[in-house]
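Reading through the structure tokens given below for one structure.
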Amino acid sequence: MSTQDDKAKEVSADGATGPIILFFILGLAASLVLGWVIFPKLLYSQKKQPIDFNHVLHVEAVEDGCESCHFFREDGSFSGIPKLAQCVDCHEEAQGEDPNEIKFVEEYVANGREVPWLVYARQPDCVFFSHAAHVKKAEMDCGTCHGHIGESKHSRVYEKNRITGYSRDIWGKNISGLRKYTWERMKMDDCAECHATKEIKTDVETLPWPLNWAPLPYEKQTGNQASVKTVKEACFVCHK
Amino acid sequence: MKIGRRSFLSFVIGGAAGTAITPLPWKLMDDVSIWSQNWPWTPVPPDGEYSYVNSVCALCPGGCGITVRKVDDRAVKIEGMKGYPVNDGGICVLGLSGLQLLYGPTRVKSPLKRAGERGEGKWEKISWDEAIFEVTKKLSDIRSNGESHAVGSIVSSDSGTVPNLFKRFLTAYGSPNFMTMPSIQDSYEMTMQLMQGVSAKAGFDAENADFILSFGSGIIDGWGSPVRMFKANSAWKANGKKVIQIEPRLSNTAAKSDKWIPIKPGTEAALALGLANVIIKESLYNKEKIDSQSGFDAFKKLVLNEYSTDKVSNITGINSTAIVSLAKTFARASKPLAICGRGQGSIPGSLNEFMAVHALNALVGNINKKGGVWAVPETDYIKWSKVEMDETATNGVQKERIDGAGSEYPHAKSLLNRLAEVINSGDGALEALFVAGANPLYSMPDSKAIKKAFGNIAFVVSFSSYMDETASNADLILPNHVYLERYEDVPTPAGLQKNVIGLTRPVVKPQFNTKNVGDTIILIAKALGGRIADAFPWNSYEACLEETLGAKWGELVENGFCSDSNSKVATGKFDFYPKAMESLSDFSPVNVEGSMASYPLVLIPYDSIRLSNGYIGDPPFVIKTVEDTVLKGKYACVDVNPKTGKEIGLTEGGYASIHTPRGRAVVKVHLYEGIMPGIVALPRGLGHTAYDKYLAGKGCNFNELIGPVEDPVSGFDAAWGIRARLTKV
């Protein structure tokens with residue numbers, strides 16, 4: 001007659017616990033490899049810019065830094081990536097021997113075709129973002145959000161999310177969604193972080209939300225700086 | 001080691017636990033939510049530089065100023081232009097949807113030559129040179145056969161440079177047959193001519209009127225310049241002014257008025273004279289001024305003898321007390337204004353009605369007064385040299401017009417409503433016809449007869465930008481730029497009391513291989529050579545426009561509009577009783593076609609601002625706004641009073657077949673308290689067979705069910721309805 005303890009012993013004596021733990025670890029390891037290594041490779045497709053662009057060379061040649069090419073239009077809107085018209089000001093004909101420049105002049109300038117640049121920082125269409133408010137009013141550096149792109153000699157590979165169609169730069173290079181520097185990620189939380197912590201230097205009238213309000217739904221109002229209605233409508237400042 | 005079920009489960013559990021501590025599920029969740037917000041078919045304007053271009057809308061005779069928002073080279077939004085003297089920032093649903101007419105699928109993309117049978121839809125793309133050659137060859141042949149008078153043109157109106165280029169072309173070529181699309185403007189113009197002895201358009205100082213008596217005019221359904229009228233209507237509401245709407249159906253205008261008075265259709269003239277009767281009897285008019293006016297005695301006699309309140313009550317179906325009280329409040333208002341022309345005013349209507357209503361306005365002394373009716377002279381900026389005609393042209397223009405305007409009907413300038421019958425009965429013939437800015441095959445009454453008449457014209461050229469009914473039944477299409485791609489002057493909008501010239505200008509580059517119709521005419525004239533070419537000294541339409549507008553050009557380019565120098569009021573002696581008025585000595589309503597025995601009901605049309613029924617058909621955005629009591633699926637709805645419905649055994653939402661002497665159609669029944677018993681109403685603007693899949697095949701075309709009825713004095717189409725029979729199907 002055997003006791004319950006005996007039965008337990010029998011099971012273990014069968015050697016079944018070993019494989020169970022082993023398979024658990026195997027499963028765990030396989031999924032970790034899948035999630036951390038294979039998944040990001042599958043999720044993003046890699047694309048090369050049509051022209052390899054040297055920022056360093058251009059920044060040296062122009063006078064006003066980033067704004068020489070990425071300028072504000074007369075109405076205050078931001079031009080973003082330059083159009084062919086701006087490039088043509090200097091590159092009507094090739095200035096050097098660089099094969100990239102020659103390709104640019106022959107394929108695009110000569111045919112009047114816009115270069116289909118891949119925009120690393122393109123946000124979804126529903127996002128409204130004013131460069132003027134940040135760069136002109138808040139006097140922020142381009143690098144705070146865009147990093148050291150002005151110091152790049154080559155265009156890096158553009159990684160396109162196969163599901164959303166947006167650049168990997170929005171989520172951030174790190175698949176875990178963690179970041180160290182402000183320019184490593186461009187999700188709403190990154191906007192919110194700054195808006196919640198920084199004191200915003202600007203006229204109160206120009207801001208549709210209270211000074212210390214951050215666009216996080218759970219952020220509590222302090223005092224009676226604005227009505228609840230203002231806060232509600234504040235969503236539409238960025239989400240059009 | 002045994003690998004069993006437990007091991008497998010363990011592997012799965014391990015996998016699940018592992019997955020939970022990788023970014024995979026969380027990242028996927030985020031991405032899928034973003035993906036779901038970015039469906040590929042969601043229209044998103046491209047990124048780029050914003051700009052605004054001011055122009056003038058040319059989709060209807062309303063002539064509103066527009067501001068078009070652009071992103072780089074693409075137009076993305078049309079708004080009303082702030083500060084424009086007509087609409088001041090406002091815009092209607094059609095104007096808002098104009099971009100669909102620019103970028104939509106219904107455009108004609110290059111000159112087309114018919115390749116199959118007429119209307120078969122088979123086309124051959126040709127170059128502009130070939131197209132101009134085709135036209136010139138045909139026109140030269142006709143001219144050398146001495147048939148120059150057998151060439152005609154149909155255009156939207158008779159003012160502005162483009163219609164005048166057509167007119168000039170026909171004169172130089174040798175034909176009197178310059179025809180325009182009819183509207184109430186024609187009737188008002190003739191009324192001005194007969195009663196005031198002036199050549200002028202009627203303008204209404206609506207904003208300053210304080211009591212508006214509308215004889216069926218769709219104030220907020222698209223009458224006059226639509227946006228201007230919406231604004232006036234809102235101002236009346238805000239300032240407590242009164243609006244009285246008289247019509248057999250509770251239209252949107254009637255629903256928004258202070259009082260809706262249902263009237264037997266076609267008896268409006270009798271009511272106007274009945275009101276005059278009360279005003280004269282009660283001495284509610286300015287005797288000192290009016291009594292001495294020409295024809296007043298005769299008018300007074302007519303009104304007092306023939307239009308007693310009881311008799312008018314009998315004719316119109318409105319009770320006597322209501323007539324008397326309406327007359328009194330109208331006469332006692334400080335700035336009363338009576339207007340007429342049913343719905344959007346696309347049918348000229350009975351001249352009697354216009355004269356009776358105009359006499360009513362004169363009686364309360366509001367002619368050329370603040371808040372009243374103004375005689376607005378035709379703009380005079382077109383000062384081209386006289387055409388030097390050669391012999392063929394001189395002989396040609398002296399021939400009688402095919403439509404009888406100026407001969408049979410001496411006062412009329414154009415009687416397009418008669419064209420079909422004249423051609424079909426063999427009384428007249430056309431060898432070639434130009435159609436520009438008009439779609440007569442759809443929008444003229446008795447479309448079947450019009451189509452048959454077009455079948456008898458050997459050569460039909462359409463200048464339409466869209467594949468509309470007329471274009472698809474043409475032999476050659478020489479597509480015009482749409483209004484957002486071209487320069488054109490926009491003469492004074494319908495019903496405005498002062499002259500304003502607007503400038504339509506290119507907002508975007510021409511999207512397709514099209515040409516401004518002005519340029520096409522100049523090219524054809526030049527290719528024909530001789531005196532015809534001499535009459536067109538300009539190198540391009542733009543040069544012609546700039547030269548024509550002269551000093552105004554700068555102002556127009558700068559502001560988008562300017563006032564016309566000919567802004568003085570046309571004054572003439574008012575005649576209360578012109579000869580034409582004699583026909584009112586015994587009121588007889590305009591005859592509606594059909595016998596009462598076989599057609600016990602009366603069918604009338606109605607207009608809605610959501611249904612465009614002129615040259616332009618509803619773009620997709622607009623047709624989407626039509627209520628399901630107007631259009632349900634593929635069927636138009638007919639308004640029937642529940643009482644009438646019960647008699648015939650019709651139920652709400654059921655199908656019925658409507659028969660008139662001119663045609664038949666299957667419709668859906670909408671039982672509606674807002675229509676008088678015995679009358680049924682169908683919306684205008686549906687039942688297109690051309691344009692795109694968003695418009696074609698929806699509902700039935702009212703014009704297929706009705707025929708024109710000639711007004712005995714003007715010759716204009718005076719039909720307000722037709723007898724009909726409704727049977728359940």
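The sequence lines fix the lettering, A, B, ..., with proteins before strands; numbering per chain opens at 1. When reading the values below, keep in mind they use all heavy atoms of this one structure, side chains included, and skip hydrogens, waters and symmetry mates. Small disclaimer: the values here were computed from a predicted structure and weren't measured.
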Counting heavy-atom pairs closer than 4.5 Å to chain A, which one of B/Gly18, B/Pro23, B/Ala16 comes out on top?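 That would be B/Pro23.
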Among B/Leu9, B/Val12, B/Asp30, B/Leu28, which residue has the highest count of heavy-atom pairs closer than 4.5 Å to chain A?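 The candidate making the most pairs under 4.5 Å is B/Asp30.
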Report which part of [X] has an atom under 4.5 Å of a heavy atom belonging to chain B: side chain, backbone, both, or neither.
| X | value |
| --- | --- |
| A/Arg122 | side chain |
| A/Leu43 | side chain |
| A/Phe78 | neither |

B/Tyr84/B/Phe561 aromatic ring centres below 6.0 Å: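 Yes, ring centres under 6.0 Å apart.
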Reported CG-to-OG1 distance for the pair B/Leu695 and B/Thr106, which is rounded to 0.5 angstrom: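 Output value for this atom pair is 8.5 Å.
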NE2 on A/His146 to OG1 on A/Thr182, rounded to 0.5 Å: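 Here the rounded value is 11.0 Å.
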Can a donor-acceptor pair be found between the side chains of B/Asp129 and B/Ser127 at a distance below 3.5 Å?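 Distance-only check fails for B/Asp129 and B/Ser127.
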Carboxylate-amine/guanidinium contact A/Asp169 A/Arg156, below 4.0 Å: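 Result for this pair is yes, salt bridge flagged.
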